[in-house]
Structure formats: C-alpha cells, structure tokens
Amino acid sequence: MAVSIARTGDQMLRALQALANPHRLRIVAALRSRGRNYVSQARAGRGISRPLLHLHLQKLEEAGLVTSKLELSGDGKALNFFEATDFSFELRPTAIAAAVKSLSIQSSKSD
C-alpha cells in the first residue's frame, strides 16, 4: 500500500521539487525496478559522480521518496542502502488548494 507523502503543503512542495530533476526521476525509477542499493552500486552506468548521486539521494530522502539504512558488509565496511518508498500523492487542483492552506515555506523573489 502506498503511503501519502504530501499531507501538507510543505510536504507536497518538497516532493515536487525533488521530482523536478531528471537525475532524481531516474534514481527513483532504478531503485524501484532494481531494488535497494548502496551509493557505489547505484552510481554504476549513470555517468554521475558519487558526491552528486549522494546529494540527489539526500534530497529524495528528505522528500520521503526514498529511505536509507546503514548496514555493515561481511568485510566490515559501512554501506548505506537506499530504497524507493511506496509513495503516492494526489496532484489535482482540489488537493493543491487544500495543501496551500498548510504551506509554511515562503516563496522566493525568483518564483
């Protein structure tokens, strides 16, 4: 069962901002199709640096779109495994109108 990640305006905005990047869309798709993975494995074949991939994963995690879990490998290395959450949110005018009522994030001058 999918968990609604956009119960408030702030949550909806974080999810939309996270998904507005093509790298992040590809990361979510890869984690969903291939299952959980750690940063070095997830980076293979993506043409993206490890630090940049980690930054994208962090943004996705902050938005509730992925989760991470630190585990020790057999040889004692700490591996941070990421997995796509089973999320959903409604993006309809009525849902947006309801979310705006709880929005606490102020818009910037460039908006």
Side-chain angles (χ1 to χ4, degrees):
M1 181 167 119
V3 174
S4 176
I5 58 164
R7 292 184 211 92
T8 69
D10 294 348
Q11 291 167 332
M12 180 182 282
L13 191 56
R14 273 192 294 276
L16 291 172
Q17 287 172 332
L19 291 172
N21 182 291
H23 290 298
R24 294 181 195 142
L25 285 176
R26 289 183 189 103
I27 292 165
V28 171
L31 289 173
R32 176 51 81 197
S33 65
R34 297 183 197 144
R36 73 186 205 115
N37 223 325
Y38 59 92
V39 172
S40 294
Q41 281 184 332
R43 178 173 90 81
R46 298 245 181 288
I48 188 170
S49 70
R50 191 176 194 284
L52 186 56
L53 176 61
H54 196 272
L55 175 71
H56 286 309
L57 286 164
Q58 183 179 4
K59 294 287 184 187
L60 290 166
E61 188 170 23
E62 288 169 2
L65 304 171
V66 302
T67 58
S68 67
K69 183 178 179 187
L70 195 60
E71 297 179 14
L72 289 178
S73 67
D75 61 358
K77 290 183 182 177
L79 301 174
N80 198 7
F81 282 89
F82 289 88
E83 184 172 19
T85 62
D86 192 15
F87 64 87
S88 72
F89 62 96
E90 184 180 22
L91 192 58
R92 298 166 70 177
T94 54
I96 292 169
V100 165
K101 294 175 184 173
S102 64
L103 195 59
S104 68
I105 299 172
Q106 299 299 315
S107 63
S108 66
K109 291 181 182 178
S110 63
D111 285 349

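The chain is numbered in sequence order, starting from 1. Note that this is a predicted model, so its numbers are computed, not measured. Computed from heavy atoms alone, side chains included, the values below leave out hydrogens, waters and symmetry copies.
- With values rounded to the nearest 0.5 angstrom, L25 atom CG is found 11.0 Å from H56 atom NE2.
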- Task: Apply the test side chain to side chain contact (heavy atoms under 4.5 Å, CB included) to residues V28 and F87: give CA-CA distance (whole Å), side-chain angles for both, the deciding distance (0.1 Å), then the verdict.
- Result: CA-CA 11 Å; V28 171; F87 64 87; 4.2 Å; yes
If you apply the rule side-chain hydrogen bond (donor to acceptor under 3.5 Å, both in side chains), what do you find for S73 with D75, and how did you get there? CA-CA 5 Å; S73 67; D75 61 358; 2.3 Å; yes
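- Atom-to-atom distance recorded for N37:CG and E83:CD is 10.5 Å, nearest 0.5 angstrom.
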Please set out all donor-acceptor pairs under 3.5 angstrom arising from side-chain atoms of residues 58-65, sequence neighbours excluded.
from : atom 1 : to  : atom 2 : distance (Å)
E61  : OE1    : S68 : OG     : 3.3
E61  : OE2    : S68 : N      : 3.2
E61  : OE2    : S68 : OG     : 2.8

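- Atom CZ of F81 and atom CD of E71 lie 5.0 Å apart (nearest 0.5 Å).
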Sequence neighbours left out, cut at 3.5 Å: what donor-acceptor pairs do the side chains of residues 14-21 make with other protein atoms?
from : atom 1 : to  : atom 2 : distance (Å)
N21  : OD1    : H23 : N      : 2.8
N21  : OD1    : R24 : N      : 3.3

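- Distance check: L31 CG to T67 OG1 gives 9.0 Å after rounding to the nearest 0.5 Å.
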Next on the checklist: Could you walk me through whether L72 and L79 satisfy the side chain to side chain contact (heavy atoms under 4.5 Å, CB included) test, starting with their C-alpha distance in whole Å, then the side-chain angles of each, then the deciding distance to 0.1 Å, before giving a yes or no?
Outcome noted: CA-CA 6 Å; L72 289 178; L79 301 174; over 6 Å; no
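- Closest approach of E90 and M12 over heavy atoms only: O-CE, 3.6 Å.
- When the side chain to side chain contact (heavy atoms under 4.5 Å, CB included) test is applied to L70, the partners found at least two apart in sequence or on another chain are A78, N80.
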